[in-house]
Structure formats: C-alpha cells, structure tokens
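Data first, discussion second: the structure below is written as structure tokens.
Order of the sequence lines fixes the chain letters, A, B, ..., with proteins taken first and strands second; residue numbering starts at 1 for each chain. Excluded from the calculations below are hydrogen atoms, water molecules and symmetry mates; all remaining heavy atoms, backbone and side chain alike, are included.
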Number of protein chains: 2
Amino acid sequence: MGIKERKLKHKEDLKQSILDAAKKLFIKEGYEATSIRKIAAEIEFSPTTIYLYYKDKAAISHALHQEGFKLLASQFTILNYIENPFERLKAMGRVYMQFALENNDFYELMFNREEPLVCVEDHWEEGEQAFSLLVMSVRACQQAGYFTQFDAEAFSMFIWSTMHGLCTLKIKGHLEHVTRNKMILQNVPDVFTHTFETFIATLEKLR
Amino acid sequence: MGIKERKLKHKEDLKQSILDAAKKLFIKEGYEATSIRKIAAEIEFSPTTIYLYYKDKAAISHALHQEGFKLLASQFTILNYIENPFERLKAMGRVYMQFALENNDFYELMFNREEPLVCVEDHWEEGEQAFSLLVMSVRACQQAGYFTQFDAEAFSMFIWSTMHGLCTLKIKGHLEHVTRNKMILQNVPDVFTHTFETFIATLEKLR
DNA sequence: TTGGAAAATTAACAGTGTTAAGTATATTTG
DNA sequence: CAAATATACTTAACACTGTTAATTTTCCAA
C-alpha cells in the first residue's frame, strides 16, 4: 500500500500548493485579483485542475479564511504571558488591531466576506473559538472587579463590535476621511489608536 | 434656447433613469447582480449608452451611495423631536441600526465598499455630515453631564465604531453564528438589540 | 504489453466591465 | 431646401471572470 499512500500524499501536496499559490496572490494583490486562472498559472496547471481539489472558489476562500484564523490564533498566544486580566484584555485588543492592519485582506476575508461562510453552513468553529477567548478574558476581568454588572457574553459581543467596527472603518479609510476633511482631531497623530484608547478609558471606568 | 434646454433636460432624465434602474436592481438583487448590461436592459438601451452618462461603474456606485446617505439623513430627521440629549443619542443609534437592517445593501455600499469612494477622492461630504450630527449629539450629552472627561470627536468616533461594528456583524450573520453554536446568549431573543442595550448601559454609567 | 483507472487538459458557456469604430438621427449652416 | 456637422446611440470586440463536459494524457496493475 506504499504507492497508494504516496499518491494520496501527492494529492495532498497539490492541494496545499494550490492553497499556497492562492495565499501568495491573495496577499500580494488582494481578493478580487485572486482568480482561479491566476492561481492555476502560478502552479503551472490548467485552471480546471483546481476543481479536482477544491469544489469551487468559495472552498478556496474558506481555506484561506482558516489560514487567517490560524495566524490570528498564533498572534494571540503571547497573551498567555500577561497576568493582569485587564492588561490582557487591552493587549488582546491591540493584537487584534495589529492583525487587522497588517493583514487587511485576511481580515476582510475572515469577517467581512460571505463567500467563505457559505462552506461552513452554520458551524463557524474558528470564529467561535476566537470569541471564546474573548469571553474568557472578560470573565477574568470580572473576577478582578470589572464589568461585574454585565453578562460576560453580552459584554464580549459589545467589545467585539467596537473592535471590529474600528478596524473596518480604519481599513476602508473612513477614519482618515472623516477626520482629515472635517478638520477634526487634527492634533491626534493616529486616530485609530486614539479611538481605541478612548474605548479603553471607558472600560476602565466600569469597575 | 428652449430646445437646448429641453435636450439637456432629456439628458438629465436619462441619467436619472439609469440611476433608478440601477437602484431597482440593486435593492432587489444586491450589488453583485447589478451589472451594466442588466441596467441597460432595464431601461432598454444598449450597455454602452450608460457610459455616455456615467464614467464607469464606480460612478454609478457613487450615485447610489449618495442616495443611501439621503435616505439615512431623512431617517435622522425624527431626532429633532427628541429633547433629552441622551435619549436623542440612543434614538440615533436605533435609527442607524434600523437603517442598516432594512437597507443592508445600501449600508454595505455606504460603509463597506471601496468603489464609491474612489470617485470622491478625499472629500467624503455625505459621511462627514452624518458624523457631524453624531458629534453634535455627543456635545449635547456633555452639556447634560455625560462623557465630560472625553473629547467629543474622539468619543463620537468610538460610538460610531461600536455601532458600525455591531451592524456589520449582524448583516454578515456573525452575531447569530457565534451565539447559536456556542450555546451562548440562548435566552436572549435578539442578540443584536441586546448588544446595543449593553452598549447603552455602559454609556449611561459615564456621567 | 495491454486494459483500465486516475489525473490533467482543451474547448466551451455564460457572464463581467469597458473601449473603438460605425450608424442613425437631429441640428446647424451654406 | 440640401449638404455638412454635431449628437445620440449601437454593434462588435477585447480581456477578463467562474465553471462544466468532453477529451486526452499519464501511470499503475494484471
């Protein structure tokens, strides 16, 4: 059965190659520019070969989407080294922001596109796992006297909303658009960070 | 010069017809499905005629985007009837949420798409105007003793982030996804509204 | 060596935005 | 009034997109 395994291995390899090529194109040129034909050209196969390994483009989007969550999860690992719960929550926000800024195509795919989610039907494990981490941090904060009058999950949802909104506005350029032309917050060097700090300041008062 | 004016009128009419057709398709079938060819078929002209009235598809997107802001602004008018500043701010949030829910294609175009903004270069008047309304509401709240330790504009940005994030998560189905499968907030009939109320509760504590 | 399965390809369909070139239809001018 | 010109619109085409059916190539086992 050695040969059969090798074939299977090869099949897995090609599937991975496709994903790698897609990832490369995706990071360099964004989602729109990542076409099946370009991926095929990258790995030097015909476009239709892709369909032997992925059902359709949404399946590739979903795979990329999962790569994104892996990356985010790896960035979150440093949070384990932060003892103070509120400091950890703050750090979590900062990591989330940095991830969104540095990988805005991934961020877009993970949270603002519908394509990858049509694959997942109704069991979005990656997202749920990341959310759990937030809820755990919030619970730890509650142990330390923060947000005690709130339900941990509802409060987590509120935090996620704020962070997601802020990152999305930043990525789409709306933060800069509004501040620059309305001659608002001109003295603030970075509206993105400044808004985050305003948010943190409100949270700090809730203990 | 009567004839020349009539011709100009006709030209404006056709431009409006194109926009109306685009709007109709857009509302019924969403952004992706609103193609130049379908718009052309709707008004019974050839696709290339569209280009005599709009530079490209982004220009049509921008026109639709402006229609969206007009609609939102009209929804905001009822706020004038609310005296209490904090009540007005809450109502503003609710109107924003309702607008996002009922016109999610418009919302997408107004805040999550880049196409319409390439037209606007760096003077996004509609967005800036809506933001001013928020800042004014926040200032009124400050007069009433709320958020006094914050900068009105920075605080407004925080509020917008939260509302935008919440609406975006809702529209993309992420709220439901997370709560349903994590067996979280199951007792809450509407997570969207519930998260908003959690947000309002935090704001209420900042006076 | 040959038969058959698996893997990859070619060709095609139906669609997209967009442009250049051509054709009617008015309007202005000689 | 007829010819020249400007305006409005269309046809045909280009270069793409995702996706499928039919076909060819490759490779392993009998």
Side-chain angles (χ1 to χ4, degrees), chain A residues 1-19 21-22 25-26 28-65 105 109 113-119, chain B residues 1-19 21-22 25-26 28-65 105 109 113-119:
Chain A
M1 285 292 171
I3 286 163
K4 225 170 197 173
E5 274 169 28
R6 195 165 1 107
K7 287 221 83 180
L8 219 84
K9 179 75 192 343
H10 170 71
K11 195 149 182 164
E12 280 307 307
D13 280 357
L14 192 42
K15 186 161 188 175
Q16 188 58 49
S17 302
I18 292 169
L19 189 55
L25 274 166
F26 173 72
K28 195 163 50 152
E29 314 197 41
Y31 182 79
E32 300 289 298
T34 308
S35 71
I36 300 275
R37 280 171 171 86
K38 279 188 193 164
I39 297 169
E42 187 73 36
I43 57 169
E44 296 182 296
F45 276 84
S46 86
T48 47
T49 302
I50 310 254
Y51 288 87
L52 302 173
Y53 299 88
Y54 290 94
K55 189 184 154 287
D56 54 20
K57 208 194 173 183
I60 299 176
S61 297
H62 180 64
L64 279 173
H65 155 112
D105 288 299
L109 201 60
R113 290 259 167 196
E114 286 160 7
E115 291 95 315
L117 283 176
V118 301
C119 291
Chain B
M1 285 293 169
I3 286 166
K4 226 172 197 172
E5 274 169 29
R6 197 164 0 107
K7 287 224 84 180
L8 218 85
K9 180 71 191 343
H10 170 70
K11 194 146 184 165
E12 280 305 306
D13 280 357
L14 192 42
K15 186 161 188 175
Q16 188 58 50
S17 301
I18 292 168
L19 190 56
L25 274 166
F26 173 72
K28 195 162 51 152
E29 315 199 38
Y31 183 80
E32 298 291 298
T34 308
S35 71
I36 300 277
R37 281 173 171 86
K38 279 187 193 165
I39 297 169
E42 186 74 36
I43 58 168
E44 295 182 294
F45 277 84
S46 88
T48 46
T49 302
I50 309 246
Y51 288 87
L52 301 172
Y53 299 88
Y54 290 95
K55 189 183 153 286
D56 53 21
K57 208 193 172 183
I60 300 175
S61 298
H62 179 64
L64 279 174
H65 155 111
D105 288 298
L109 201 62
R113 289 262 166 194
E114 285 160 7
E115 291 96 314
L117 283 176
V118 302
C119 291

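Looking at every heavy atom in both residues, A:Ile39 comes nearest to A:Leu25 through N-CD1, 3.6 Å.
Side-chain contact between A:Tyr54 and A:His62 is absent, with no heavy atoms from C-beta onward closer than 4.5 Å. With contacts defined as side-chain heavy-atom distances shorter than 4.5 Å, the pair B:Ile60/B:Ile50 qualifies. Residues A:Thr48 and A:Ile36 are not in side-chain contact: their nearest non-hydrogen atoms beyond the backbone lie 4.5 Å or more apart. Side-chain contact check for B:Phe45 versus B:Ile18: every heavy-atom pair is 4.5 Å or farther apart. Taking 4.5 Å as the limit, every side-chain heavy atom of B:Tyr31 sits out of range of all side-chain heavy atoms of B:Leu64.
Between B:Ile43 atom CD1 and D:dT10 atom C1' there is a gap of 13 Å when expressed in whole angstrom units. Atoms CD (A:Glu29) and P (D:dC16) sit 12 Å apart, rounded to a whole Å. Taking atom CD on A:Glu44 and atom P on C:dT9, their separation rounds to 11 Å, with Å as the unit. Whole-Å rounding puts the B:Ile50 CD1 to C:dG17 C1' distance at 12 Å. Between A:Tyr54 atom OH and D:dG18 atom P there is a gap of 15 Å when expressed in whole angstrom units. Here C:dG22 presents its C1' atom at 14 Å from CG of B:Leu52, a figure rounded to the nearest Å. In this structure, CD1 of B:Ile36 is placed 6 Å from P of C:dT18, rounded to the nearest angstrom. Distance A:Leu14 CG to C:dA7 C1': 10 Å, rounded to the nearest Å.
Heavy-atom nearest nucleotides on DNA chain D were determined for A:Lys55 and for A:Glu32, and the one closer to the 5' end corresponds to A:Glu32.
In the set C:dG17, D:dG18, D:dC9, the nucleotide with an atom closest to the side chain of B:Ser35 is C:dG17. The A:Lys57 side chain lies nearest to D:dG18 when the options are D:dT17, C:dT18, D:dG18.
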Close N or O pairs between protein and nucleotides 11-15 of chain D (under 3.5 Å):
| from | atom 1 | to | atom 2 | distance (Å) |
| --- | --- | --- | --- | --- |
| D:dT11 | O4 | B:Thr48 | OG1 | 3.3 |

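Distances shorter than 4.0 Å separate none of the side-chain N or O atoms of B:Tyr53 from OP1 or OP2 on D:dA8. A sub-4.0 Å separation between OP1 or OP2 of D:dT10 and a side-chain N or O of B:Thr49 is present.
For A:Glu32 and A:Arg113, the salt-bridge test passes: some basic side-chain N is under 4.0 Å from an acidic carboxylate O.
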